[in-house]
Amino acid sequence: MAAQLDYLTIHEIFSRFHAAEPEPKGELNHVNAYTLLVAVALSAQATDKGVNKATEALFREVTTPAAMLDLGEERLIEHIRTIGLYRNKAKNVMALSRILVEQYGGEVPSSRAALQSLPGVGRKTANVVLNMWWRFPAQAVDTHIFRVANRTGIAPGRDVVAVERAIEDHVPAPFQLHAHHWLILHGRYVCRARAPACRLCLIRDLCEFEEKNL
DNA sequence: ATCCCGAGGG
DNA sequence: CCCTCTGGAT
């Protein structure tokens, strides 16, 4: 775990991310709030690419919780069998869809508490929906962000909640909304878990971790 | 701390 | 073969 970087360095890091990619987007395909919620719930311990492959056909048939109930758990499983943890995910998506229909008029709620009360929706998934759909500066800390935050010193922490707090505390406000996607894309393509591409890194000169990977 | 779990990469 | 992938519930 690297030492906490100072404010000016962090500001410079995000200024570079912004310059390189002013409007960073996620890579999880979806057509509305409901399909976003489902896609994020399916993405646990899975790659976006794998989730997109499965939802491509699924979201052609199903884009609402009511339609998901009509589809049924068995046929949902057929769609998502190629994704890890598919039994739990299918059960959760069905249960969550039922709750949306029965308690939320088929809409996706905009409060963290309501989102997190849904089966299969924890802090991370709720934060992604709050950030991507409701444009709230929520910091969903996934495996990539946890790694990048700790390697770089942008927001070191022993667990994901600590890193979330550190991002809230140390990332300048104007960068908070897009911080999630900048960090995750950086983690996915540059600051990779296995073979980090430090030679191609935009913030190489501001990071201590690179020294170990030249 | 452990289980759930398949695909893709090296 | 081993590691990793936008975690959550128990």
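Because the structure is a prediction, the values reported are computed rather than measured. So you know, we letter chains A, B, ... as the sequences are listed, proteins then strands, and number each from 1.
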Roughly how many Å is it from [atom1] in [X] to [atom2] in [N], rounded to a whole number?
X: A/I184; N: C/dG7; atom1: CD1; atom2: C1'; value: 12 Å
X: A/R192; N: C/dC3; atom1: CZ; atom2: C1'; value: 14 Å
X: A/I83; N: C/dG8; atom1: CD1; atom2: P; value: 15 Å
X: A/D142; N: C/dT4; atom1: CG; atom2: P; value: 14 Å
X: A/E27; N: C/dC5; atom1: CD; atom2: P; value: 14 Å
X: A/D159; N: B/dA1; atom1: CG; atom2: P; value: 12 Å
X: A/N127; N: C/dG8; atom1: CG; atom2: C1'; value: 14 Å
X: A/Q45; N: C/dA9; atom1: CD; atom2: P; value: 14 Å

For [X], report the nucleic acid contact type (base, sugar-phosphate, nothing); a contact means any heavy atom under 4.0 Å.
X: A/R87; answer: sugar-phosphate
X: A/G122; answer: sugar-phosphate
X: A/G50; answer: nothing
X: A/A193; answer: sugar-phosphate
X: A/V121; answer: sugar-phosphate
X: A/G187; answer: nothing
X: A/I80; answer: nothing

* Asked: Going by atom types only, do A/N150 and A/R158 share a side-chain donor-acceptor pair under 3.5 Å?
  -> no
* State whether a side-chain donor-acceptor pair under 3.5 Å links A/E21 with A/H181. => no
Is there a side-chain polar atom (N or O) of [X] under 4.0 Å from OP1 or OP2 of [N]?
X: A/K89; N: B/dG6; answer: no
X: A/T47; N: C/dT4; answer: no
X: A/R147; N: C/dC5; answer: yes

* Verify whether the ring centers belonging to A/H186 and A/F17 lie closer than 6.0 Å. => yes
* To do: Rounded to whole angstrom, note down the P distance from B/dA7 over to C/dG8.
  => 22 Å
* Asked: Which of these nucleotides, B/dA7, C/dC5, B/dG8, is closest to any side-chain atom of A/K53?
  -> B/dG8
* For A/P119 and for A/K49, locate the closest nucleotide of DNA chain C by heavy-atom distance; then report the residue assigned to the nucleotide nearer the 5' terminus. => A/K49
Is a salt bridge present between [X] and [Y], judged by a nitrogen-to-oxygen distance below 4.0 Å?
X: A/R151; Y: A/E208; result: no
X: A/E56; Y: A/K53; result: no
X: A/E27; Y: A/K49; result: no

* Ignoring hydrogens and angles, does a donor from either the side chain of A/R194 or the base of C/dC3 sit under 3.5 Å from an acceptor on the other? -> yes
